[in-house]
Colleague: 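My structure is below; once you've seen it, I'll send some questions.
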Amino acid sequence: MIDLLVAGAGPTGLTAAIAAATRGMQVVVVDPHPGTIDKACGEGMMPATVDALAALGVHPKGRPFHGIRYLRGDVIAQAPLPTPGLGVRRLVLHDALSARADALGVRRVVGRVDGLRQDADGVEAAGFRARWMIAADGLRSPTRRLLALDAPSRWPRRYGLRRHARIAPWSDTVDVTWADDAEAYVTPVGEDLVGIAFLFGDRARAADRGAPGSAYDRMLARFPHLADRLAEAPDASSVRGAGPFATASRRRVAGRVLLVGDAAGYLDAITGEGLKLGVLGAVCAVDALASGHPRRWERDWRHLWRPYAWATGALLLASRPRPLRRALPRLTRDVPFAMRAMVGWVAG
Ligand SMILES: Cc1cc2nc3c(=O)[nH]c(=O)nc-3n(C[C@H](O)[C@H](O)[C@H](O)COP(=O)(O)OP(=O)(O)OC[C@H]3O[C@@H](n4cnc5c(N)ncnc54)[C@H](O)[C@@H]3O)c2cc1C
């Protein structure tokens, strides 16, 4: 019997595997995708995430960013981060996490959790028997469904699309441009590479129905400044999508299984904190297991979740009525301490 089975080799699962291996646990990670795993993501790591990974010996190569800018037309509101964040291509992050996991003796296996049995001593899934299991299998977590923990979410449905462009970053900030029914995130991720992610809801999807062009191109057309800047820049990746974002779980601990990262519950990518929840959560969950108090993970998850849910929920609510949404960049520019406070809040 192994000590820990991890479902999902995303950032959460691999961080959990690394944290557990550094504590001497025997760990297996299963994921249905072989090789380097890509995913739709804005790829902006907040300073707390960068620090947590560095403490585990993971130093992905990326492009530091020093603040967040909100833009609408000529209005620019900007707030610095207390310490730099890091824009990192998901492929680079996956390779850095995998290399560290491999060096610590973690076994990475191509497989899928599609059934699960547990008793007083252990849990069986994907052909392994383990003392504990961490389910880090993402937004639509199959493990959460197997455990009958899916809960309804009351938040409106929102989605994301992302692609990369081969162009030198024009700013050392993550730029968030607000259109009437979508946001565009531009994250510097390399010397000559930026990630572009669009977040939007059903209103934008309905408006686009039947319109010509790809969903990504239709989104880009909503942001003429950005479209102009990228006009000559070659695409550097294919389009990936995700959503609906808002998912909920009734609990985070079910017997010998702990749900972590997006699998534990997620609201929206609007504040760019998903990686922070996953990475910091993975460390806390492993701490709870190592201390012999797995139930502590539920309490620790709430400590991580609440500030995220408050910031994300507030921003989602404030940006729904169109007049307020249109005014948001100007308001944040004119009340700079509010923006600095929010950026400080999501950074740490
Ligand atoms: C458009 C967009 C922009 C975003 N921007 C940012 C940002 O700028 N900053 C930020 O911090 N966060 C951002 N996020 C959120 C971030 O991407 C997620 O929170 C993060 O990827 C969660 O990591 P995870 O490991 O929990 O889940 P995932 O990355 O989804 O990994 C889950 C893994 O589980 C595997 N899996 C699935 N089913 C099974 C199974 N049955 N058995 C075993 N394994 C399975 C999958 O193959 C996958 O590899 C963004 C998200 C989106 C969609």
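Counting starts at 1 for both ligands and their atoms, in listed order. Reckoned from all heavy atoms, side chains included, excluding hydrogens, waters and symmetry mates.
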Colleague: Does the pair D262/R144 count as a salt bridge with the N-to-O cut at 4.0 Å?
Modeller: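 Answer for the salt bridge query: no.
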Colleague: Looking only at heavy atoms, is any part of L199 under 4.0 Å from ligand 1, and if so is it the side chain, the backbone, or both, or is it neither?
Modeller: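 Side chain only.
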Colleague: Does ligand 1 have any atom that is closer than 4.0 Å to a heavy atom of R90?
Modeller: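 True for this residue.
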Colleague: Using 4.0 Å as the upper bound for N to carboxylate O, is an ion pair formed by D38 and R162?
Modeller: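 The answer is yes: the pair qualifies as a salt bridge.
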Colleague: Looking at ligand 1, does D114 have a heavy atom less than 4.0 Å from it?
Modeller: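 Judged by the 4.0 Å heavy-atom criterion, D114 does not count as contacting ligand 1.
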Colleague: Which part of Y185 is near ligand 1, with near meaning a heavy atom under 4.0 Å away: side chain, backbone, both or neither?
Modeller: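 Answer for Y185: neither.
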Colleague: When you measure from atom 24 (P) of ligand 1 to every protein heavy atom, which one gives the shortest distance, and what is it?
Modeller: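 That would be T12 OG1, 3.2 Å.
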Colleague: Using a plain distance cutoff, I'd like to know if R112 has any nitrogen or oxygen under 3.5 Å from a nitrogen or oxygen of ligand 1.
Modeller: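 The answer is no, given that R112 and ligand 1 share no N or O pair closer than 3.5 Å.
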Colleague: Closer than 4.0 angstrom: is that true for some heavy atom of Y266 and an atom of ligand 1?
Modeller: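 A heavy atom of Y266 does come that close to ligand 1.
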Colleague: Answer yes or no: does an N/O atom from G272 fall short of 3.5 Å to an N/O atom of ligand 1?
Modeller: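 Yes, at least one N or O pair falls under 3.5 Å.
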Colleague: If you measure only the distance, is there a donor-acceptor pair under 3.5 Å linking the side chains of D95 and T36?
Modeller: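 Indeed, the side chains of D95 and T36 share at least one donor-acceptor pair under 3.5 Å.
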Colleague: Do any heavy atoms of A40 fall under 4.0 Å from ligand 1?
Modeller: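 Contact present.
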Colleague: Does the side chain of T173 pick up a donor-acceptor pair with the side chain of R69 at under 3.5 Å?
Modeller: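 A donor-acceptor contact under 3.5 Å links the two side chains.
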Colleague: With a 4.0 Å heavy-atom cut-off (strictly under), which part of H94 contacts ligand 1: side chain, backbone, both or neither?
Modeller: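 Neither part.
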Colleague: Any N or O on L275 sitting closer than 3.5 Å to an N or O of ligand 1?
Modeller: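 Yes; the residue has a nitrogen or oxygen that sits under 3.5 Å from a nitrogen or oxygen of the ligand.
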Colleague: To the nearest 0.1 Å, how far is atom 40 (C) of ligand 1 from its closest protein heavy atom, and which atom is that?
Modeller: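 Answer for atom 40 (C) of ligand 1: V113 N, 3.7 Å.
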Colleague: Would you mind checking if D180 and R203 are paired as a salt bridge, meaning a charged N to carboxylate O distance below 4.0 Å?
Modeller: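 Salt bridge between R203 and D180, a charged N being under 4.0 Å from a carboxylate O: no.
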Colleague: Run down the list G274, G44, P11 and name the one with the heavy atom closest to atom 7 (C) of ligand 1.
Modeller: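 Going through G274, G44, P11 one by one, G44 has the nearest heavy atom to atom 7 (C) of ligand 1.
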Colleague: Which part of M45 is near ligand 1, with near meaning a heavy atom under 4.0 Å away: side chain, backbone, both or neither?
Modeller: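 Neither part.
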Colleague: For ligand 1, note which part of C41 has a heavy atom under 4.0 Å away: side chain, backbone, both or neither.
Modeller: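 Both backbone and side chain.
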Colleague: Is there a donor-acceptor pair closer than 3.5 Å between any side-chain N or O of Q26 and the backbone N or O of I2?
Modeller: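 Not at all, since once roles are kept as given, no pair shorter than 3.5 Å links the two residues.
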Colleague: Which bit of R162 gets closer than 4.0 Å to ligand 1, counting heavy atoms only: side chain, backbone, both or neither?
Modeller: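 Under 4.0 Å from ligand 1, R162 contributes no heavy atoms.
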Colleague: According to the interplanar angle, ranging from 0 to 90°, do the rings of F245 and Y266 count as parallel (below 30°), tilted (30 to 60°) or perpendicular (above 60°)?
Modeller: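 F245 vs Y266 ring planes: perpendicular.
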Colleague: Can you check whether A288's main-chain N or O pairs, donor with acceptor, with S291's side chain at less than 3.5 Å?
Modeller: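 Side chain of S291 to backbone of A288, a donor-acceptor pair under 3.5 Å: yes, one is there.
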Colleague: May I ask whether F198 has any heavy atom positioned less than 4.0 angstrom from an atom of ligand 1?
Modeller: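 Outside the 4.0 Å threshold, so no.
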Colleague: Between ligand 1 and G42, is the shortest N or O to N or O distance under 3.5 Å?
Modeller: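 Yes, at least one N or O pair falls under 3.5 Å.
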